[in-house]
Amino acid sequence: MYESVSQKLLDEYKLESILDSFHKSSTDLKAKIGLGRYLFSWDFRKEIKKNREKLNTELLNILSEAFSTINDSNGIEKIEKIKNS
């Protein structure tokens, strides 16, 4: 339930606004993991395909490092898929 509320809130914003806020904030591990899970969620898949250019190498590396820190192979796999597309 708590994930669906945050999903609905994030869906109200444009991807540019979310990424801009992320880059301007002091991004701790939880924020990195949260952004990664949101960006690579099933519901956001089509949006990522349309906005692939907004996910630069620096951001993908930050998220990959965060997923590596928590040993999330699924997250790492999704990032690698985006990097190779």
Side-chain angles (χ1 to χ4, degrees):
M1 178 75 175
Y2 69 92
E3 290 177 356
S4 65
V5 172
S6 57
Q7 177 84 30
K8 288 179 182 181
L9 287 172
L10 286 170
D11 287 344
E12 296 293 318
Y13 295 93
K14 292 185 178 186
L15 180 59
E16 299 87 19
S17 298
I18 294 170
L19 295 179
D20 188 47
S21 295
F22 176 79
H23 287 299
K24 288 180 180 177
S25 69
S26 61
T27 51
D28 64 359
L29 182 61
K30 288 182 182 181
K32 293 172 187 175
I33 300 298
L35 177 64
R37 288 188 175 151
Y38 174 70
L39 292 177
F40 304 116
S41 67
W42 178 262
D43 295 332
F44 204 73
R45 228 173 33 161
K46 290 180 185 174
E47 198 66 28
I48 285 296
K49 288 179 182 179
K50 291 190 295 188
N51 293 289
R52 168 57 184 101
E53 73 282 353
K54 294 179 180 132
L55 303 178
N56 62 36
T57 303
E58 177 187 2
L59 175 64
L60 293 174
N61 287 339
I62 289 169
L63 298 178
S64 181
E65 182 180 307
F67 282 127
S68 292
T69 300
I70 64 166
N71 239 359
D72 185 334
S73 58
N74 187 40
I76 295 167
E77 181 183 321
K78 289 179 180 179
I79 291 169
E80 290 303 316
K81 196 174 188 179
I82 292 292
K83 282 182 177 180
N84 296 325
S85 63

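Every heavy atom of this structure was used, including side-chain atoms; hydrogens, water molecules and symmetry mates were not.
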Could you list all the ring-ring contact (aromatic ring centres under 6.0 Å, His included) pairs where at least one residue sits in residues 30-82, not counting sequence neighbours?
Tyr38-Phe44
Nearest 0.5 Å, please: how far is [atom2] in [Y] from [atom1] in [X]?
X	Y	atom1	atom2	result
Ile33	Ile70	CD1	CD1	3.5 Å
Asn56	Ile62	CG	CD1	8.0 Å
Ile48	Ser41	CD1	OG	8.0 Å
Leu60	Glu65	CG	CD	13.0 Å
Lys81	Ile76	NZ	CD1	15.5 Å

Compare every heavy atom of [Y] with every heavy atom of [X], then report the nearest pair and how far apart it is.
X	Y	value
Gly36	Leu63	N-CD2, 4.0 Å
Ser64	Ile79	N-CD1, 3.4 Å
Lys83	Arg52	CA-NH2, 3.9 Å
Leu59	Leu55	CD2-CD2, 3.7 Å
Leu35	Leu19	CD2-CD2, 4.2 Å

Sorted by chain and residue number, the side-chain hydrogen bond (donor to acceptor under 3.5 Å, both in side chains) partners of Asn51 (sequence neighbours excluded) come out as Glu47, Lys54
Salt bridge between Lys24 and Asp20, side-chain N to carboxylate O under 4.0 Å?
yes
